[in-house]
Peer 1: 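Structure incoming, see below.
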Amino acid sequence: MSAVQSAPIAITLPDGSVREVAAGTRCIDLAEQISHQLAKKAVGARIEGKLADLRTPLERSVRVEIVTADDPDGLTFLRHSAAHLLAEAVTELWPETKVAIGPVIADGFYYDFDRPEPFSSEDLEQIEKVMRKHAGAAEPIERTEVPHDAAMAKVTGFLGQGEIYKAEILEGILAEPGSVVSFYRQGTFTDLCEGPHVAHTGLIRHFKLLSVAGAYWRGDEKNKMLQRIYGTAYFKEDDLKAHLHRIEEAARRDHRKLGKELDLFGQYDDIGPGLILWHPKGALIRNEIETFWRKAHYEGGYDLVYTPHIAKTTLWNKSGHTGFYRENMFSGMDVDGQEYLVKPMNCPYHIQIFNNRTRSYRELPLRWAELGTVYRYERSGVLHGLLRVRGFTQDDAHLFVRPDQLESELDRVIDFVLYILRTFGFAKFEAYLATRPEKFVGEPAMWERATKALADALVKNGLDYEVDEGGGAFYGPKIDLKLKDTLGRSWQCSTIQVDFNNPERFDMKFTGSDGKEHRPVMIHRALMGSMERFFGCLVEQYAGHFPLWLAPVQCSVFPISEDVDEAALQVADRLRKAGLRIDYRDASDHLNARIKEAQLAKVPYMAVIGKREAEAGTVALRLASGKQEVMAIADLVGRLTREVQDKSLPS
RNA sequence: GCCGAGGUAGCUCAACGGUAGAGCAGCUGAUUCGUAAUCAGCAGGUUGUGGGUUCAAAUCCCAUCCUCGGCUCCA
């Protein structure tokens, strides 16, 4: 510690109190002054809200928070340093490796490397060992800041060492006037890095390297493919264990695994990638969902339409799809000398219906919904189970509204989507409001109004949202709702898009009360998004334990032995007549075996009938939890039908 | 599309240059049982596909299709 300047500065702490310290006091010293305990737990600091190293000297009167391991941001420090530790180990093991970037991500960190040979899983173990060695040595992690002119020399230095990526990053930093160039060093490893980091590698004790994957330099496929090593790190061993356990748990809920186990759907080599075949049980669930969906739509003031899978190319020229969407469309087919294309969207068809005759302002809003099956070419590498496919059925609808109805209609849609999603038990969404991009069609004033209407509708319905500035389509602003899968990946299901473009393109109009022609506004919306993706999310959401109204088999009925067959058959019959889906298994297998089988098939209820029940006219109901309840047959029927009726969620 | 890993019986996996095997599921028979696997027998595969190397290929090589982990994109 060098001599500190005499002028005291005032540090504001999170509790609002102000503490005077000498200028130049480091964050760690400040922590020590507050309490020794705090200093011991400190991993970093937040200065005016910005994360900083513990050794950062305080030169001015600022607001400071000490970040401890318990602070959510504490992991940022740890994981960033873990990424450096990874790079330190890799460059020690294979000195010819070039390093790119190593940031912190949601559940851990990664580092991108350029190395001719691929990293194997054995390599990961070896790397971990070397990481542990350096962690054990508790190497101090030291920051140095370099003035721009000195940094310029570093660029050529990096290039000389073949560190082309670092050179490129540094050039980028230097291009920004007033930017700070900083390096972090631990042991013999130095990295160009903004920070922040923990004080020494000894804090990085509980970590694991998880996977290797290819990743383009700067995410651009025109650039070289690098090798990305993913890992995670925690302060506490239990947290790391819990994280690894979560990964295993997620794998157990994976819709692809459950889809196979429960015989819900399949993909076939002879059919083609990204094309789903719904097996009877999956189809039954889908049918229940669709029945609910149709009813909700009729009740919600929608009309349903059906449109064909193909249309002449001229339609897609008019809609603009052959211009801006061509690379996602399957190639055309010749029909009597006319080219037809398979539909990637349903909207042009719905517009045709609208344009079929003149429309009065009194008719609007028109709400037309369709479970429309569309096909989109997706690059082979992005396909993923049911969540990303090439053929899928959208729960699509187009709302044709007068401009003055925009606000009320958007509010109504948001309310509706929440009703639908909540029925399935989804409670956590990520909402994004995408605003006007640089290239756009329509009037800026109209854009502003529509964007505000979308935002108001979100707020009114109690949804927090993030603004995706400039992320809207060229034809209008939109709201996307995302659901999270068990692997923490979020999938966009619901989308609500305002469209100023198609009404123009198709010259849509309605006659207003003034007798003049007006342009309607169009809203595209999908609530579940696609049946495939939504179903995939549902399987994971429920871990295969569907709520009773969706369960392919709702109740298995087991006679304990042959002599109560008749009584058990009567129970099955009564349940079936009440509209329930029943699986009857006679006593040719032992009761235990039948129970096990039904349990593995995730059948919600099992009704067991033995001599006692047959005599009393009761059943022994086994719940999914394994608990049993004896009840009268009429009570059983009532209980199950009520549960179906209410669409109760599994507890 | 790109980088990497992988495709063996319906499912989960073994065999990794020398005749392809197990458990579960299936079928047949016996067992009639009180809440997660009764017993026995039988059957089941041109090892994703096509080529090549070899006396011999599931195994080695090439191509191709598909799946998986990511990059990028979207419902």
Side-chain angles (χ1 to χ4, degrees), chain A residues 110 112 114 117-121 210-230 251 254 256-257 260-261 263 266-274 325 327-328 344-346 372 374 376-396 473 480-483 487 489 491-495 497 524-534 536-537 556 558-565 586-600 606-613 620-623 626-628 630:
Chain A
Y110 69 78
D112 284 349
D114 183 5
E117 299 78 31
F119 289 113
S120 66
S121 40
L210 298 169
S211 61
V212 193
Y216 297 105
W217 167 235
R218 302 214 140 150
D220 187 337
E221 62 188 270
K222 289 189 203 80
N223 290 337
K224 184 163 185 189
M225 174 75 60
L226 307 175
Q227 296 187 67
R228 176 169 299 176
I229 298 180
Y230 285 92
D254 191 312
R256 293 164 301 186
K257 181 178 152 70
K260 200 179 266 184
E261 280 173 12
D263 197 13
Q267 295 195 73
Y268 298 83
D269 278 10
D270 284 342
I271 306 291
Y325 208 70
E327 69 276 16
N328 282 297
M345 295 186 194
N346 305 300
V374 298
R376 297 181 187 175
Y377 171 74
E378 298 285 354
R379 300 203 290 180
S380 59
V382 304
L383 300 174
H384 180 93
L386 289 180
L387 301 184
R388 189 64 180 276
V389 293
R390 284 181 175 160
F392 56 99
T393 301
Q394 291 184 302
D395 69 316
D396 206 3
D480 288 332
L481 291 187
K482 293 186 181 182
L483 302 177
L487 299 172
R489 291 178 284 216
W491 294 94
Q492 183 189 320
C493 289
S494 317
T495 184
Q497 312 188 350
H524 307 245
R525 48 112 281 195
L527 308 183
M528 300 182 289
S530 83
M531 297 311 295
E532 284 74 8
R533 179 176 289 178
F534 190 72
C537 290
S556 287
F558 304 142
I560 287 181
S561 63
E562 245 169 35
D563 36 320
V564 291
D565 236 8
D586 67 28
S588 52
D589 269 324
H590 287 199
L591 182 62
N592 276 339
R594 286 176 282 163
I595 287 173
K596 168 141 197 185
E597 194 184 340
Q599 198 83 39
L600 289 177
M606 293 170 225
V608 178
I609 293 99
K611 277 201 189 93
R612 293 199 294 270
E613 289 76 15
L621 186 67
R622 184 189 161 99
L623 315 180
K627 283 196 186 127
Q628 298 169 44
V630 177

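A quick note: this is a predicted structure, and the numbers were derived from the prediction, not measured. Chain letters run A, B, ... following the sequence lines, proteins first, then strands; residues in each count from 1.
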Peer 1: May I have the distance from A:W217 (atom CH2) to B:rG70 (atom C1'), rounded to whole angstrom?
Peer 2: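 Nearest whole value for this atom pair: 17 Å.
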
Peer 1: So A:L527 and A:F534, do their side chains get closer than 4.5 Å, heavy atoms only?
Peer 2: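 Side chain of A:F534 against side chain of A:L527, heavy atoms only: no contact under 4.5 Å found.
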
Peer 1: Under a 4.5 Å cut-off applied to non-hydrogen side-chain atoms, are A:R376 and A:V389 in contact?
Peer 2: no

Peer 1: What does the B/S/- profile of nucleotides 4-12 of chain B look like, 5' to 3', with a 4.0 Å heavy-atom cutoff to protein?
Peer 2: S------SS

Peer 1: Tell me, do A:T495 and A:H524 make a side-chain contact under 4.5 Å, heavy atoms counted?
Peer 2: no

Peer 1: Passes side-chain hydrogen bond (donor to acceptor under 3.5 Å, both in side chains), A:Q599 versus A:R622? Steps please.
Peer 2: CA-CA 10 Å; A:Q599 198 83 39; A:R622 184 189 161 99; 3.2 Å; yes

Peer 1: Hey, does the side chain of A:H524 come within less than 4.0 Å of B:rA75's phosphate (OP1/OP2), counting only N and O?
Peer 2: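 So the side chain of A:H524 is outside the cut-off, no N or O lying under 4.0 Å from OP1 or OP2 of B:rA75.
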
Peer 1: Between A:R228 and A:Y110 (side chain of the first, backbone of the second, donor and acceptor by atom type, cut-off under 3.5 Å), is there such a pair?
Peer 2: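 The answer is no, because no donor-acceptor pair under 3.5 Å joins these two groups.
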
Peer 1: Between B:rG70 and A:Y216, counting only base atoms on the nucleotide and side-chain atoms on the residue, is there a donor-acceptor pair under 3.5 Å?
Peer 2: no

Peer 1: Does A:G385 reach a base, just sugar-phosphate, or nothing at all? Heavy atoms under 4.0 Å.
Peer 2: sugar-phosphate

Peer 1: Taking atom P in both B:rG18 and B:rU72, what distance in whole Å separates the two?
Peer 2: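 Roughly 44 Å separates the two P atoms.
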
Peer 1: Please examine the side chains of A:L383 and A:P273, heavy atoms only from C-beta on, and report whether any two atoms are closer than 4.5 Å.
Peer 2: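 The answer is yes, as the side chains (C-beta and beyond) meet within the 4.5 Å cut-off.
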
Peer 1: In whole angstrom, give me the gap between the P atoms of B:rG21 and B:rG29.
Peer 2: 28 Å

Peer 1: What one-letter contact string describes nucleotides 28-35 of chain B from 5' to 3', where B marks a base within less than 4.0 Å of any protein heavy atom, S marks contact via sugar-phosphate atoms alone, and - marks no contact?
Peer 2: ---BBBBB

Peer 1: On RNA chain B, compare the nucleotides closest to A:G219 and A:L226; which residue's is nearer the 5' end?
Peer 2: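 Looking at RNA chain B, the more 5' nearest nucleotide goes with A:L226.
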
Peer 1: Would you mind reading off the distance between A:M345 atom CE and B:rC74 atom P, rounded to a whole angstrom?
Peer 2: 10 Å

Peer 1: Could you tell me whether a side-chain N or O of A:Q227 sits under 3.5 Å from a main-chain N or O of A:F119, the two making a donor and an acceptor?
Peer 2: yes

Peer 1: Can you name the salt bridge (Lys or Arg N to Asp or Glu O under 4.0 Å) partners of A:D586, sequence neighbours left out?
Peer 2: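 Counting only residues at least two positions away or on another chain, A:D586 forms no salt bridge (Lys or Arg N to Asp or Glu O under 4.0 Å).
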
Peer 1: Pick base, sugar-phosphate or nothing for A:Y110, based on heavy-atom distances below 4.0 Å to the nucleic acid.
Peer 2: nothing

Peer 1: With a 4.0 Å cut-off on heavy atoms, is A:V374 in touch with a base, just the backbone sugar-phosphate, or nothing at all?
Peer 2: nothing

Peer 1: In whole angstroms, how far is the P atom of B:rG48 from the OH atom of A:Y268?
Peer 2: 19 Å

Peer 1: Strictly below 4.0 Å: does A:R256 bring a side-chain N or O up to OP1 or OP2 of B:rC68?
Peer 2: yes

Peer 1: Could you tell me the separation between the CG atom of A:D114 and the P atom of B:rC3, rounded to a whole number of Å?
Peer 2: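 Going from CG in A:D114 over to P in B:rC3 covers 14 Å.
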
Peer 1: Okay, side chain of A:R388, backbone of A:G274: is any donor-acceptor separation there less than 3.5 Å?
Peer 2: no

Peer 1: Where the side chain of A:A215 is defined as all heavy atoms beyond and including C-beta, which of B:rU67, B:rG1, B:rC71 is the nearest nucleotide?
Peer 2: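 Among B:rU67, B:rG1, B:rC71, the one nearest the side chain of A:A215 is B:rC71.
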
Peer 1: For a quick check of understanding: with a heavy-atom distance under 4.0 Å over all strands, which category does A:Q599 fall into, base, sugar-phosphate or nothing?
Peer 2: base

Peer 1: A:Y230 near the nucleic acid: base, sugar-phosphate alone, or nothing, with a heavy-atom cut-off under 4.0 Å?
Peer 2: sugar-phosphate

Peer 1: Using whole Å, what does the distance between atom C1' of nucleotide B:rU72 and atom CD of A:E378 come to?
Peer 2: 11 Å

Peer 1: From NZ of A:K596 over to C1' of B:rU38, roughly how many Å is that when rounded to an integer?
Peer 2: 14 Å

Peer 1: Looking only at side-chain atoms of A:V382, point me to the closest of B:rU72, B:rG69, B:rC66.
Peer 2: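 It is B:rU72.
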
Peer 1: Would you write the dot-bracket representation of RNA chain B, where each base gets (, ), [, ], | or . depending on whether it forms a Watson-Crick or G-U pair under 3.5 Å and with which partner?
Peer 2: (((((((..((((....[..)))).(((((.......))))).....(((((..]....))))))))))))....

Peer 1: When we call it a touch if two heavy atoms are under 4.0 Å apart, what does A:E597 touch: a base, just sugar-phosphate, or nothing?
Peer 2: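 Since no nucleic acid heavy atom lies under 4.0 Å of A:E597, the category is nothing.
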
Peer 1: CZ of A:R218 versus C1' of B:rC3: gap in Å, rounded?
Peer 2: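 A:R218 atom CZ is separated from B:rC3 atom C1' by 20 Å.
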
Peer 1: With A:Y377, which residues qualify under side chain to side chain contact (heavy atoms under 4.5 Å, CB included), at least two apart?
Peer 2: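 Expected list: A:R379, A:R390.
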
Peer 1: Quick check: do A:V374 and A:Q394 have side-chain heavy atoms less than 4.5 Å from each other?
Peer 2: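 The answer is yes; the side chains approach within 4.5 Å.
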
Peer 1: Closest approach to the side chain of A:R228, judged atom by atom: which nucleotide of B:rA37, B:rC71, B:rA75 is it?
Peer 2: B:rC71

Peer 1: P atom, B:rC24 versus B:rG69: distance in rounded Å?
Peer 2: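 Going atom to atom, P in each nucleotide, I get 30 Å.
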
Peer 1: Which residues within residues 526-533 of chain A lie with some heavy atom under 4.0 Å of an atom in RNA chain B?
Peer 2: A:G529, A:S530, A:R533

Peer 1: With a 4.0 Å limit, can you tell me whether A:Q267 has a side-chain N or O closer than that to the phosphate oxygens OP1/OP2 of B:rC66?
Peer 2: no

Peer 1: Are A:F392 and A:R533 close enough that some pair of their side-chain heavy atoms sits under 4.5 Å apart?
Peer 2: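 When only atoms from C-beta onward are counted, A:R533 and A:F392 do not touch, as no gap falls below 4.5 Å.
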
Peer 1: Please give, in whole Å, the distance from B:rC68 C1' to A:H384 NE2?
Peer 2: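 Rounded to whole Å, this separation is 9 Å.
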
Peer 1: With nearest nucleotides of RNA chain B determined for A:Q497 and A:S380 from heavy-atom distances, which residue corresponds to the more 5′ nucleotide?
Peer 2: A:S380

Peer 1: Would you say A:D395's side chain and A:G529's backbone share a donor-acceptor pair under 3.5 angstrom?
Peer 2: yes

Peer 1: Below 4.0 angstrom, N of the basic side chain to O of the carboxylate: do A:R256 and A:D254 qualify?
Peer 2: yes

Peer 1: Which atoms form the tightest heavy-atom contact between A:L591 and A:I560, and what is the distance?
Peer 2: CD2-CG1, 4.1 Å

Peer 1: Looking only at heavy atoms, what is the nearest atom pair of A:S561 and A:A587, with distance?
Peer 2: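 For A:S561 and A:A587, the tightest heavy-atom pair comes out as CA-CB, 3.7 Å.
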
